[in-house]
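Reading through the structure tokens given below for one structure.
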Amino acid sequence: MQKFFTVLGGMGTLATESFVRVMDQRTPIHCDQDYLDYLVVNHATVPDRTNWILDHRQPSIVPPLLEDIQQQSLLKPSFFVLACNTAHYVYDQLQAATEIPIINMLAETVAEVSKIMPQAKRVGILATPGTIQSGLYDPYIKKAGYEVVRPTKEILALTEDLIYNDIKEAGHSDNQKYHQLVKQMIEDLDCDIVILGCTELSYAEEMDPETTYPVADSQSIVVDRTIEKALSIRQDD
């Protein structure tokens, strides 16, 4: 197979399924051959990203992700998609391990904010504790000229409950809980827009889209960038 890309997923599996499903739905097709050529690595046994970020004595995510990069690079994909926000904690280390470009989910998401909400000033972030406490999104948001609005401890705890207990453990989203989180960020913390900085939250958005408040859905945005990039590569004959 030529001119394909590789999705590095499994963090978690439902979110990766969501990524692929949405990507296939959005790909302009008229026949089977119009779909994109890609491989999906569903590396479900990668250690929990948040546990390791908050405590480096926990099993590291670096060896398995580097192994994925090294193995897949031998197949020479045109580019990689790292389908996990929190795993971008080691983005630079992964990119340094291969000459093949890895789409930067954080950069792409923040770049889209101005298109979704041109007048935005205060940008909120909903994500895992690992992403929030490490400030992964902060430099991207600040560089774009926005004010970073982090969730309160209560909102972060509810977000963690939705991500881990509902989606990762029980295998389904709690739509009411998801919408309440976005509402609190907009109304209580005066955010102009909320970044969904976890692919489990993107899964929640897919299951029941937020139509009242503006969100920048990281996975949805990278799906669009992936399709654009893949179609461009296919046309380069």
note = Shortest non-hydrogen pair, V113 vs A216, comes out as CG2-CB, 4.2 Å

Cation-pi, Y164 ring and K168 (6.0 angstrom, 45 degrees) = yes

Chi angles and distances behind the side chain to side chain contact (heavy atoms under 4.5 Å, CB included) call for I155, L189 = CA-CA 10 Å; I155 294 176; L189 300 186; 3.9 Å; yes

query = Should E210 and Y178 count as side-chain neighbours, where that means a heavy-atom distance under 4.5 Å?
reply = yes

request  = State, to 0.1 Å, how close G197 and I125 come at their nearest heavy-atom pair, and which atoms those are.
outcome  = CA-CD1, 3.9 Å

ask   = Between D166 and K177, is the closest basic N to carboxylate O distance under 4.0 Å?
value = yes

task = Could you walk me through whether L162 and L181 pass side chain to side chain contact (heavy atoms under 4.5 Å, CB included), step by step?
result = CA-CA 10 Å; L162 172 63; L181 285 168; 3.8 Å; yes

Closest approach of M207 to S173 (non-hydrogen atoms, all atoms of both residues) = CG-CB, 4.4 Å

ask   = Same cluster for I141 and L156 if Ile/Leu/Val/Met/Phe/Trp/Tyr side chains link at under 4.5 Å?
value = yes

ask   = What distance separates H172 NE2 from Y203 OH, expressed to the nearest 0.5 Å?
value = 9.0 Å

message = In the structure I gave you, are the side-chain heavy atoms of D48 and T86 within less than 4.5 Å of one another anywhere?
response = no

inquiry  = For a 4.5 angstrom cut-off between non-hydrogen side-chain atoms, does E147 reach K121?
reply    = no

key: Gap between atom CG of N175 and atom CD of Q180 - 0.5 Å precision   = 13.0 Å

Donor-acceptor contact below 3.5 Å, side chain D55 vs main chain N51 = no

query = Near Q176 CD, under 6.0 Å, is it more than 12 heavy atoms from other residues, nucleotides or ligands?
reply = no

From T226 atom OG1 to L231 atom CG, the distance as rounded to the nearest 0.5 Å = 10.5 Å

inquiry  = Applying side chain to side chain donor-acceptor pair (under 3.5 Å) to Y213 and E187, what does each step give before you reach the verdict?
reply    = CA-CA 10 Å; Y213 303 106; E187 295 189 358; 2.3 Å; yes

task = Start with the C-alpha distance between D24 and Y38, add both sets of side-chain angles, then the distance that settles side chain to side chain donor-acceptor pair (under 3.5 Å), and finish with yes or no.
result = CA-CA 11 Å; D24 288 344; Y38 58 88; 3.0 Å; yes

query = If you measure from the Lys or Arg side-chain nitrogens to the Asp or Glu carboxylate oxygens, is any gap between R225 and E112 under 4.0 Å?
reply = yes

Under 3.5 Å: donor-acceptor pair, side chain of R122, backbone of Y146 = no

Co-membership, hydrophobic cluster, residues V20 and I167, 4.5 Å side-chain = no

inquiry  = Distance check, rounded to the nearest 0.5 Å: K76 atom NZ versus T98 atom OG1?
reply    = 11.5 Å

message = Tell me whether the count of non-hydrogen atoms from other residues, nucleotides or ligands lying under 6.0 Å of CD in E228 goes above 12.
response = yes

ask   = Under a 4.5 Å cut-off applied to non-hydrogen side-chain atoms, are T13 and T16 in contact?
value = no

request  = Answer yes or no: does atom CD of Q2 have more than 12 heavy-atom neighbours from other residues, nucleotides or ligands under 6.0 Å?
outcome  = no

query = Between R26 and V223, is there a donor-acceptor pair closer than 3.5 Å when you use the side chain of the first and the backbone of the second?
reply = no

Contact summary for I193 and A120, nearest pair of heavy atoms = CG2-CB, 4.2 Å

query = Checking side chain to side chain contact (heavy atoms under 4.5 Å, CB included) for the pair H179/D174: CA distance, chi angles, key distance, verdict?
reply = CA-CA 9 Å; H179 288 285; D174 183 319; over 6 Å; no

task = Indicate, with yes or no, if I29 and I227 share a hydrophobic cluster defined by side-chain heavy-atom contacts under 4.5 Å among Ile, Leu, Val, Met, Phe, Trp and Tyr.
result = no

query = Looking at CD of E160 and SG of C198, how far apart are the two atoms once the value is rounded to the nearest 0.5 Å?
reply = 10.5 Å

ask   = Would a 4.5 Å heavy-atom cut-off, applied to side chains only, mark N85 and L136 as touching?
value = no

request  = State whether D188 and K183 are salt-bridged, where the test is any N-O pair (Lys NZ or Arg NE/NH1/NH2 against Asp/Glu carboxylate O) under 4.0 Å.
outcome  = no

key: Minimum side-chain heavy-atom gap Q184-L158 below 4.5 Å   = yes

message = Would you compute the distance between atom CD of Q25 and atom CZ of R21 and round it to the nearest 0.5 angstrom?
response = 7.0 Å

task = Search all heavy atoms of M185 against all heavy atoms of L126 and return the closest pair with its distance.
result = CG-CD2, 3.7 Å

query = Which pair of heavy atoms, one from A15 and one from T199, lies closest together, and at what distance?
reply = CB-OG1, 3.3 Å

ask   = Linking I/L/V/M/F/W/Y whenever any side-chain heavy atoms sit under 4.5 Å apart, do L54 and I163 land together?
value = no

request  = Could you tell me whether the side chain of P47 reaches within less than 4.5 Å of the side chain of Q58, counting heavy atoms only?
outcome  = no

ask   = Does the side chain to side chain contact (heavy atoms under 4.5 Å, CB included) test come out yes or no for D68 and F80, once each step is laid out?
value = CA-CA 11 Å; D68 291 341; F80 288 109; over 6 Å; no

Aromatic ring pairing W52/Y89, orientation class (parallel under 30°, perpendicular over 60°, tilted between) = perpendicular

request  = Establish whether L196 and M11 are linked, either directly or via other cluster members, by ILVMFWY side-chain heavy-atom contacts under 4.5 Å.
outcome  = no

message = Is there a side chain to side chain donor-acceptor pair (under 3.5 Å) between S18 and Q219? Walk through the geometry before answering.
response = CA-CA 9 Å; S18 175; Q219 179 166 274; 3.1 Å; yes

inquiry  = I want to check something: taking the side chain as every heavy atom from C-beta on, are N104 and Y91 in contact at a cut-off of under 4.5 Å?
reply    = yes

message = Go through it in stages, so that I can follow the logic: the residues are T131 and R49, the test is side chain to side chain donor-acceptor pair (under 3.5 Å), and I'd like the CA-CA distance, side-chain angles, deciding distance and then a yes or no.
response = CA-CA 9 Å; T131 294; R49 279 62 63 197; over 6 Å; no

